[in-house]
Each structure stands twice: as C-alpha cells, then as structure tokens.
Amino acid sequence: MEIIISPDQKQSNITAARLIARQIKENPQSVLGMATGSSPIGMYQELIRMHKEEELDFSQVTTFNLDEYVGLPKTHDQSYYYFMQEKLFNHINIAPANVHIPDGMAADMPAYCAEYEAKIKQAGGIDIQVLGIGSDGHIGFNEPTSSLASRTRIKTLTKQTLEDNSRFFDGDESLVPRHCITMGIGTIMEARMNLLLAFGEGKAKAIADTIEGPITSMVPASILQHHEQAKVFIDEDAASNLKLKDYYKWVYSGKPGWQKDA
Ligand code: F6R
C-alpha cells in the first residue's frame, strides 16, 4: 500500500486527480470505477477543472460505479445516479452510453448483478477504482464480515452506515434505504489500481485498522493490503491514528520524481 498524507484535503484531491488524468492521457479508453459520498467530491471538482481548463478528454472513457441504494429511482436526489450526474458527469464530455451505475430498481436483482459483473469484464476490467471508506471500514457497501471474495450483489447496510448517511436524508435515519447493490470485494480487488480517499478524524480509526491492522473481513478495506497497487490519499486528521505516519511521509518525500504520481 502507498500512503500519501497531505496537509489538507485540497492537496490530496489535486494529487489523486492528476493520477486519474495521467491514466486517461496514457489510455483515452480507460475504464474508471467511481465512488459517491462526500470523499471524492473535491477530486471530481478538480477533474472537472482539468476538463474545462486543460482539455482533459473523457469522450472515450468508460465508468462503473461501485454501488446504489435499492429502491431509489434515478430521479431521487439521493440516488447515486443523481449524485454522479450532478457532481461529475454533467460537467465533462463523457458519453452517456459509457456510464454504468447499478440500477437500484432492477426487477431481477441477482440476474442484474451478474450482468453488471459481465459488463465490467467485457470492458476489459477497471484500470483505476476510486474508493471512499466507511467509519466501520466498509468499501463500496461491503460492510464488516462481507466475504473478501464477494461479487456484485445486494447487501444490507449496518446501523452505523444508516446513521452516518442520514446526514444526506435530512438527518432522518429511517429515510436511508436499508439495502444496496454493491460491487463485491472480489470485484474491487480485480481493479488494476485502487485509489482510496479519506478525510477527517471520523475516518482515523478505520484508516489505521485498514493500513496497520490485521487483514480481516471485520474491516473490509484491510484486504487492500493484498492489492499490488493500492494508493491511500488522506489528510492529517484521517492519518492521526497511524503508528508509522512519519515513515509514510518520509517514504513519499523521498520518491524519485519519475515515480511520483503528481
Ligand atoms: C459510496 C461508497 C461508500 C462511501 C463511504 C464513505 O459509493 O462506496 O463506501 O465511500 O461510505 O462515504 P463518505 O465519503 O460520504 O464518508
């Protein structure tokens, strides 16, 4: 795992966005895995800026989102479909046909989930998967004790996640859908690179458990220790529980220029 600690969220967003931009420039037909929630918003804003000011071209890029609430139509302002249009897709030149977001209203969920997996394979797999992390260590909506080999499927959210996400539903936990479709941990692990963003003290424990704890399904993100290309972009607050924080900073500051992401 590569740990990139920035003094603030803005710097993390810029560095992470540069990494994605480099991928797109190297291969205009890149396949990106997208996340929702508050963590990637700043990075998406930076990608939008690069599109508008530096002609970063998304016209041949394909995307697959991690997850979606079950039972929310696309038009619901808290659906992840709606989120992605608002926060990114409406502002860049991506082809709508290349965008894939799980359909929380699909009639036959098991068949739909299998089809989603097949589409990722047909597209050639994911080059860079963007991830946030839940305060309970979830990635996608793979909650603690999710199988580390799981594929796209329906999951039930934990009470903790319902509480965390109630901030998007007028603070009313009962309005947060209990079920979601999510890529599995096995699916996420097949991405050629995973790029995790986490900010603020609320993520400090989950980040420390992920990076320095044992690999366990109790902290789903800890499986990223097994990934060859997992990069973790965090601010000082999210890094505050890391035992080897100074070491990670020292490693990054000593990286040769040609190896740096940004
Ligand atoms: C969202 C997703 C979730 C979030 C996580 C953190 O697509 O997959 O794992 O990344 O719940 O959410 P925020 O960023 O809102 O703290």
Side-chain angles (χ1 to χ4, degrees), residues 9 12-13 16 32-45 63-70 72 74 76-89 99-104 113 116 120 126 128-146 148 150-169 171 173 176-189 191 194-207 209-210 217 219-224 230-235 237-238:
Q9 193 168 333
S12 299
N13 292 332
L32 302 178
M34 308 312 246
T36 58
S38 49
S39 305
I41 293 178
M43 187 190 69
Y44 292 158
Q45 283 168 353
T63 63
F64 287 91
N65 262 75
L66 279 170
D67 42 19
E68 177 61 286
Y69 290 116
V70 167
L72 291 195
K74 289 177 177 177
H76 193 289
D77 64 4
Q78 289 310 325
S79 75
Y80 287 168
Y81 178 91
Y82 194 95
F83 175 102
M84 288 308 298
Q85 311 308 314
E86 291 275 299
K87 304 292 184 205
L88 183 63
F89 296 147
V99 166
H100 304 86
I101 301 173
D103 180 1
C113 291
Y116 200 72
I120 295 175
I126 292 172
I128 301 183
Q129 175 65 58
V130 177
L131 298 170
I133 183 169
S135 61
D136 60 4
H138 69 227
I139 45 175
F141 271 143
N142 296 284
E143 297 284 27
T145 74
S146 286
L148 297 178
S150 49
R151 312 302 307 190
T152 302
R153 69 209 183 293
I154 294 215
K155 281 293 287 179
T156 304
L157 299 174
T158 57
K159 283 283 284 173
Q160 178 67 55
T161 301
L162 296 180
E163 198 183 303
D164 288 349
N165 289 7
S166 64
R167 69 191 194 279
F168 300 117
F169 290 82
E173 200 184 302
V176 187
R178 277 191 186 202
H179 298 101
C180 61
I181 306 185
T182 180
M183 279 186 203
I185 297 177
T187 325
I188 292 169
M189 288 295 284
N194 271 291
L195 186 166
L196 191 150
L197 298 156
F199 307 113
E201 250 183 86
K203 300 293 170 73
K205 184 176 183 313
I207 282 295
D209 289 347
T210 295
S217 66
V219 182
S222 63
I223 191 67
L224 293 172
K231 293 179 190 278
V232 179
F233 291 83
I234 47 183
D235 63 1
D237 288 342

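Counting starts at 1 for both ligands and their atoms, in listed order.
With hydrogens and angles ignored, the 3.5 Å screen pairs no side-chain donor or acceptor of Lys155 with any backbone N or O of Glu143. The backbone N or O of Ser217 sits nowhere less than 3.5 Å from a side-chain atom of Thr145 that would complete a donor-acceptor pair. Judged purely by atom type and a 3.5 angstrom limit, Asp67 has no side-chain atom pairing as donor or acceptor with the backbone of Pro102. Between the side chain of Asp136 and the backbone N or O of Thr161 there is no donor-acceptor pair closer than 3.5 Å. Between the Asp235 side chain and the Gly200 main chain, a donor and an acceptor come within less than 3.5 Å of each other. Asp209 places no side-chain N or O within donor-acceptor distance of the main-chain N or O of Ala206, the cut-off being under 3.5 Å. Listed for the Glu68 side chain is a donor-acceptor partner under 3.5 Å among the backbone atoms of Tyr81.
Which parts of ligand 1 touch Leu66 is read off a 4.0 Å heavy-atom cut-off, strictly below it: atoms 8 (O). Near Ser38, meaning under 4.0 Å from one of its heavy atoms, ligand 1 places the atoms 13 (P), 14 (O), 15 (O), 16 (O).
In this structure, atom 10 (O) of ligand 1 lies nearest to the protein heavy atom Gly132 CA, 3.2 Å. Protein heavy atom closest to atom 7 (O) of ligand 1, with residue, atom name and distance, is Asp67 OD1, 2.6 Å. In terms of protein heavy atoms, atom 16 (O) of ligand 1 is closest to Lys203 NZ, 2.6 Å. Taking atom 14 (O) of ligand 1 as the reference point, the nearest protein heavy-atom neighbour is Ser39 OG, 2.5 Å. With hydrogens left out, the protein atom closest to atom 1 (C) of ligand 1 is Thr36 OG1, 3.2 Å, a heavy atom. In terms of protein heavy-atom proximity, atom 3 (C) of ligand 1 is closest to Gly140 O, 3.5 Å.
At a 4.0 Å heavy-atom cut-off, ligand 1 touches Ile133 through the backbone alone.
Aromatic pair Phe168/Phe83: centroids not less than 6.0 angstrom apart.
Residue contact check for ligand 1: Met34 places no non-hydrogen atom closer than 4.0 Å to it. Using a 4.0 Å cutoff on heavy atoms, Arg167 counts as a contact of ligand 1.
Ligand 1 has no N or O atom lying under 3.5 Å from any N or O atom of Asn165, backbone or side chain. Polar contact check, His138 against ligand 1: a nitrogen or oxygen pair lies under 3.5 Å apart.
For the side chain to side chain contact (heavy atoms under 4.5 Å, CB included) with Met34, the lone residue among Gln129, His100, Met84 that qualifies is Met84.
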